[in-house]
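Structure, as structure tokens:
This one's a predicted model, so the numbers in the text were calculated from it and none came from an experiment. Proteins get letters first, then strands, A, B, ... in listed order; numbering begins at 1 in each.
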There are 2 protein chains.
Amino acid sequence: MTRAGRPIPTLSCKQCPIHLEGEWCVLSDDELETVTAAKRDRLFEPGEVIFHQGDACDGMYWIRDGLVGERRLDPDGEMALVRLSHTGKALGYQELLARKPYRNSAEALKPTRVCYLSRAVIRDLLDGNSRLGDLFLLRSLRDMEMTEDDYVTALNRGIRSRLLHALLTLYKHYGHFEIDKGHVLEIPIARKDLAALIGTGPETISRTIRKLEKERIARFEGRQVVFSCIDTIQAEIRSTG
Amino acid sequence: MTRAGRPIPTLSCKQCPIHLEGEWCVLSDDELETVTAAKRDRLFEPGEVIFHQGDACDGMYWIRDGLVGERRLDPDGEMALVRLSHTGKALGYQELLARKPYRNSAEALKPTRVCYLSRAVIRDLLDGNSRLGDLFLLRSLRDMEMTEDDYVTALNRGIRSRLLHALLTLYKHYGHFEIDKGHVLEIPIARKDLAALIGTGPETISRTIRKLEKERIARFEGRQVVFSCIDTIQAEIRSTG
DNA sequence: CCGGTCGCTTGACCAATATCAACGACGCGC
DNA sequence: GCGCGTCGTTGATATTGGTCAAGCGACCGG
């Protein structure tokens with residue numbers, strides 16, 4: 001559970017599929033070269049921890065590809081999965097910019113390649129390109145929006161609604177449509193993580209899943225789900241659920 | 001519930017107790033003068049709405065003094081009190097900077113004076129002072145931290161713990177210590193808002209309060225609370241509760 | 001002074017969820 | 001193949017919290 005990840009050869013930023021979105025798009029070719037030269041890439045296997053809650057933050061990470069879960073451990077030992085982060089997401093940028101220790105641990109849930117940039121490099125980039133700061137601000141605002149939405153959902157929706165919401169979100173990232181089967185999702189995380197994501201235990205997840213099957217809303221087989229009618233679920237999430 | 005607030009004479013920024021903290025501290029005297037000249041001040045009575053969820057955002061507000069609740073209405077009619085904002089807090093800056101409609105409604109919960117700055121003025125300030133953007137970023141990061149903390153709390157703490165947490169937070173802002181009575185808090189909001197803040201109904205608040213009284217953790221009389229031992233409560237919140 | 005509304009509380013009841021325990025399936029190391 | 005741990009499931013049971021209904025006191029307008 002606790003390793004540093006395996007160093008891998010540096011991936012070029014120019015060829016990176018995410019170099020045109022988010023913060024990267026404002027960087028000049030020269031700056032991109034600098035980043036490519038300065039960053040250190042690593043591969044984390046599922047279960048490996050990229051950084052630990054409480055640790056000092058001395059740089060930030062981008063997810064090149066893979067899946068990362070940010071976990072928060074309560075003083076009493078309860079663990080919550082605060083969010084899932086996918087390709088293109090930044091990890092630890094908030095703590096870096098605010099000069100604070102990591103609030104959450106980041107753990108690879110699938111094989112994940114990340115690009116690491118040290119505080120000094122980020123500082124130079126920020127000093128050299130004033131627009132970069134604006135884009136970090138925008139990223140922070142977007143993240144805030146999502147967290148606030150999740151917060152409201154957690155406050156006044158039941159487990160069933162939250163589970164459907166989580167599954168639908170996962171579907172958007174990992175699902176696909178098959179003409180003969182329908183909307184298929186291979187759930188990329190374990191039951192207990194699905195539970196930690198919506199604030200319950202694995203038992204309740206199991207039971208809620210069986211309810212959904214009885215109501216023919218979705219069919220589950222291991223980690224694969226087939227949704228009968230996505231629109232119906234959307235509607236249920238929006239209205240009372 | 002829906003008025004525009006009463007215009008009041010402009011309050012000088014130089015004499016404002018909050019002009020030295022947060023974003024303001026980086027402004028020059030000239031810039032402060034500009035702000036004073038450009039802003040429009042208003043007074044909102046309890047129940048009046050400063051802006052509505054879904055409305056377009058064309059400026060931002062600072063709370064000069066008073067208390068504001070940000071409410072979020074679900075598609076199914078459930079209302080959550082996302083956060084309480086006090087003197088010195090900015091309202092609507094996220095939506096302004098992200099160019100999005102308001103996510104929540106802002107309602108005065110006590111008589112509240114706010115300073116309004118239009119988008120154009122903020123733009124000019126941002127263009128003229130590059131450090132201002134950095135400070136908005138920091139504010140956003142701090143707000144994110146608080147929301148994320150609340151989110152985790154909502155995910156894996158029960159009503160009782162969340163209520164204690166909310167009361168303690170209120171105590172920090174509105175409480176005081178009396179040598180003969182102890183730690184006294186005049187709760188500044190109604191029961192139903194206290195309920196909406198932690199995601200339950202007024203009935204459950206009532207019952208939870210009586211439990212706390214039976215356990216001699218606090219004594220309630222109307223909106224006044226006297227805490228027996230703040231430290232005990234702190235401990236209970238940190239550990240399992 | 002009266003009727004009405006609102007905020008808060010209480011009771012009774014029910015639904016949702018947590019908790020404890022056990023079990024089968026599976027993968028892994030030996 | 002065997003032992004072992006993990007994952008997912010299920011059952012029984014306890015607890016929490018939600019819902020409906022009623023009551024009570026304060027405040028307000030007529």
Between [Y] and [X], is there a salt bridge with N-O shorter than 4.0 Å?
{"X": "Asp150(A)", "Y": "Arg162(A)", "value": "no"}
{"X": "Glu45(A)", "Y": "Arg6(A)", "value": "no"}
{"X": "Arg83(B)", "Y": "Glu148(A)", "value": "yes"}
{"X": "Glu215(B)", "Y": "Arg160(B)", "value": "yes"}

Whole angstroms only, please: what is the [atom1]-[atom2] distance between [X] and [N]?
{"X": "Glu213(B)", "N": "dC8(C)", "atom1": "CD", "atom2": "P", "result": "15 Å"}
{"X": "Leu194(B)", "N": "dT9(C)", "atom1": "CG", "atom2": "P", "result": "10 Å"}
{"X": "Ile189(A)", "N": "dC7(D)", "atom1": "CD1", "atom2": "P", "result": "13 Å"}
{"X": "Lys211(A)", "N": "dG11(D)", "atom1": "NZ", "atom2": "P", "result": "14 Å"}
{"X": "Leu155(A)", "N": "dG17(D)", "atom1": "CG", "atom2": "P", "result": "14 Å"}
{"X": "Ile205(B)", "N": "dC8(C)", "atom1": "CD1", "atom2": "P", "result": "11 Å"}
{"X": "Glu221(A)", "N": "dG8(D)", "atom1": "CD", "atom2": "P", "result": "15 Å"}
{"X": "Arg160(B)", "N": "dA18(C)", "atom1": "CZ", "atom2": "P", "result": "18 Å"}

Looking at the base of dG11(C), is there any donor atom on it, or on the side chain of Arg207(B), that sits under 3.5 Å from an acceptor on the other one?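 Under the 3.5 Å cut-off, the side chain and the base do form a donor-acceptor pair.
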
- Query: Considering only heavy atoms and no angle criterion, is a donor-acceptor pair shorter than 3.5 Å present between the side chain of Arg191(A) and the base of dT10(D)?
  - Reply: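 Per atom types, no contact qualifies.
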
Nearest to the side chain of [X], which nucleotide is it out of [options]?
{"X": "Lys192(A)", "options": "dC7(D), dT17(C), dG7(C)", "answer": "dC7(D)"}
{"X": "Ile159(A)", "options": "dT19(C), dT17(C), dG17(D)", "answer": "dT17(C)"}
{"X": "Ala190(A)", "options": "dT10(D), dT10(C), dG8(D)", "answer": "dG8(D)"}

Q | Full working for side chain to side chain donor-acceptor pair (under 3.5 Å) between Asp41(B) and Tyr61(B) | A | CA-CA 9 Å; Asp41(B) 296 349; Tyr61(B) 300 82; over 6 Å; no

- Task: Answer yes or no: does a side-chain N or O of Thr204(A) lie under 4.0 Å from OP1 or OP2 of dA18(C)?
- Result: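 So the side chain of Thr204(A) is within the cut-off, an N or O lying under 4.0 Å from OP1 or OP2 of dA18(C).
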
Reckon Arg210(A) has a side-chain N or O less than 4.0 Å from the OP1 or OP2 of dT10(D)?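 Yes.
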
